[in-house]
Amino acid sequence: MSFKTLGLSEAILRAVTELGYTTPTPIQAQAIPAVLAGGDLLAGAQTGTGKTAGFTLPILQRLSQTPVARSHAPGKPAPVRALILAPTRELAAQVQESVAQYGKYLKLSSATVFGGVSIVPQVKQLARGVDILVATPGRLLDHMQQKTVDLSRVEILVLDEADRMLDMGFIRDIRRVLAALPAKRQNLLFSATFSDEIKALADGLLDRPALIEVARRNTTAELIAQKIHPVDRERKRELLEHLITSQNWHQVLVFTRTKHGANRLAEQLNKSGITALAIHGNKSQGARTRALAEFKQGTLQVLVATDIAARGIDIDQLPHVVNFELPEVAEDYVHRIGRTGRAGASGEAISLVCVDERDLLASIEKLIKRSLPREVVAGFEPDPHAVAQPIRKNSRQGAPGRNGGQRAPATPAATQVLRIKNAPKKKAGQSAGQPGKSRAPGKPASGQRSVPASAEQGRAGAPKPGGGRSRAQTAQAAPSQGRRPQRASSQAALLTPKAKSRHG
Ligand code: AMP
């Protein structure tokens, strides 16, 4: 299959060819014809699958086929024709970059608006006229309030990474945006997972959508080599430094659970001569963009990120992702490791796991339906008598409004939902933006702004400056001998996977 057979115009094909794309990815092969046909779409796809081009290319094509005269009242913003909502600044910026690249031979304008930067240039740009606007919900609402954006003639709406937007507490903002849109429009919803909240949103928003699902990379794609290095909590940093230097890693994305932990780790790595910067919700947009640019260029060896800040980071062929700490929410593991092995490249995802994280690891393995190989690095053998300490909850987890603070069980159900044959049909007279009251059993409660990016806080495993040990080699873990049964059982559970390992 080629892009040409999907019915895209010469101008778009030229841009795509210049980017080196030869074959559409599975999501593109399905989404492009569906969007070109003009109907609504519900797509289960994670970042890394090529979903951005999956919706951007047909949007560009549709808008370019029906040009509109740009006449608007002086002093008023020109109407936006396609609106793409994304959860984070990074993702919004990246999507807009893709729109600009794919549309470089078309006469369509695009812009992105997100918070954390001055609103003034955005206002000027919107006034000049923007066909395709990529926005984060909060800043878009600011523009709506200031009447610096005109959404009354939006023809196509995209909710990108809808699950993340709901996780971040944007549901009310999204509904306010929906209320400002014209009823007649095309709606595209992309989500990696399908909680009841997402189902309710899709149910109210989409009219007989085409249903598309691409395989979840965690269950099928074997491009990412995943492994666990059991290690004591105090020696994680030392082990990370050892791995980076002994294996000569040049570009490593490291995840911590907290902003504080990210800062501290970046500082310590720098002291050890490894160039590192932290990105998280407390950093200015400028600092985040600079860090990401340096990392992409290869001048920065390590980028330490929290889950929310890393969302949408798109780096071609990122070879190494390290979980310095496991995420509290198992689904985040999948998002984290999805940063590597993107669009066909192979990658490695390594988790440094201490005894405290035994239960987190168990829930990740349950989610991905496989046990991950344990590999103890010689010289970093964990203390068999170490006692698990409770992990202080990150505020993300305890926030109200997300199934009582817990994310809905992450879904192989992405598959289940999308297999429903008869998609919900909109009732006559129902406004496109408002979920039908009578058929929204999982309708989210209002008042749910639960997880602002700045809410990440709290614990950080405190790595002590450690004395170097002997030059390490890796060795397979042996089950703990366990002299003290109660303590040893904690460590044994970490060292030996519960589920039957696919790796033998
Ligand atoms: P996305 O899932 O949209 O974030 O895309 C992931 C990465 O895949 C991006 O770096 C894209 O540039 C790249 N990509 C998208 N479509 C293709 C394609 N058909 N062939 C090769 N690379 C692609």
Side-chain angles (χ1 to χ4, degrees), residues 1-8 12-36 41 43-61 82 84-104 110 112 132 134 158-165 188-193 212-218 220-221 223-224 251 253 292-293 295-298 305 309-319 321 334-347 414:
M1 156 136 0
S2 69
F3 281 99
K4 205 166 188 169
T5 56
L6 294 175
L8 296 168
I12 294 175
L13 290 175
R14 197 160 16 128
V16 164
T17 308
E18 279 178 16
L19 287 167
Y21 301 179
T22 50
T23 317
T25 65
I27 186 90
Q28 291 162 0
Q30 296 176 72
I32 292 171
V35 179
L36 286 178
L41 174 69
Q46 289 178 310
T47 172
T49 54
K51 69 181 167 59
T52 314
F55 61 78
T56 305
L57 298 177
I59 288 176
L60 286 165
Q61 170 118 338
I84 301 167
L85 286 182
T88 62
R89 304 159 185 180
E90 279 79 9
L91 183 63
Q94 272 168 17
V95 170
Q96 196 263 328
E97 205 180 301
S98 299
V99 171
Q101 282 179 330
Y102 303 144
K104 70 191 268 204
S110 65
T112 179
I132 302 171
V134 190
V158 182
L159 297 186
D160 192 13
E161 307 206 349
D163 50 350
R164 277 288 150 154
M165 286 201 276
L188 318 175
L189 188 151
F190 285 77
S191 189
T193 58
I212 290 178
E213 150 198 22
V214 293
R216 293 169 61 77
R217 62 163 66 247
N218 59 314
T220 54
L223 292 167
I224 307 168
Q251 205 183 28
L253 178 61
L292 195 55
F295 188 59
K296 278 186 179 181
Q297 281 157 16
R311 190 70 186 160
I313 289 181
D314 175 16
I315 298 152
D316 282 340
Q317 322 228 323
L318 174 63
V321 168
V334 180
H335 289 299
R336 287 180 177 189
I337 70 163
R339 309 290 103 200
T340 182
R342 291 159 77 79
S346 60

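Whatever order the structure lists them in is the order used to number ligands and atoms, beginning at 1. Side chains included, hydrogens not; waters and symmetry mates left out as well; all remaining heavy atoms used. Given the structure is predicted, the values throughout are model-derived calculations rather than measurements.
Listed by atom number, the atoms of ligand 1 under 4.0 Å from Gly50 heavy atoms are 1 (P), 2 (O), 3 (O), 5 (O), 15 (C). The atoms of ligand 1 that sit less than 4.0 Å from any heavy atom of Thr52 are 1 (P), 3 (O), 4 (O). Near Phe3, meaning under 4.0 Å from one of its heavy atoms, ligand 1 places the atoms 19 (N). The contact set between ligand 1 and Lys51, taken as ligand atoms under 4.0 Å from a residue heavy atom, comprises 1 (P), 2 (O), 3 (O). Near Thr49, the atoms of ligand 1 lying under 4.0 angstrom from a non-hydrogen atom of the residue are 2 (O). The Thr23 neighbourhood of ligand 1 comprises atoms 18 (C), 19 (N), 20 (N), with distances under 4.0 Å to a heavy atom of that residue.
With contacts defined as side-chain heavy-atom distances shorter than 4.5 Å, the pair Gln94/Leu292 qualifies. In this structure, the side chains of Ser191 and Glu161 stay at 4.5 Å or more apart for every pair of heavy atoms. For the pair Leu188 and Val35, the minimum side-chain heavy-atom distance is below 4.5 Å. Counting heavy atoms from C-beta on, the side chains of Phe3 and Ile12 never come closer than 4.5 Å. For the pair Leu41/Leu189, no side-chain contact is recorded, criterion being any heavy-atom separation below 4.5 Å from C-beta on.
Counting heavy atoms closer than 4.0 Å to ligand 1, residue Gln28 contributes side-chain atoms (C-beta onward) but none from N, CA, C or O.
Here Gln101 pairs with nothing under the side chain to side chain donor-acceptor pair (under 3.5 Å) rule; sequence neighbours left out.
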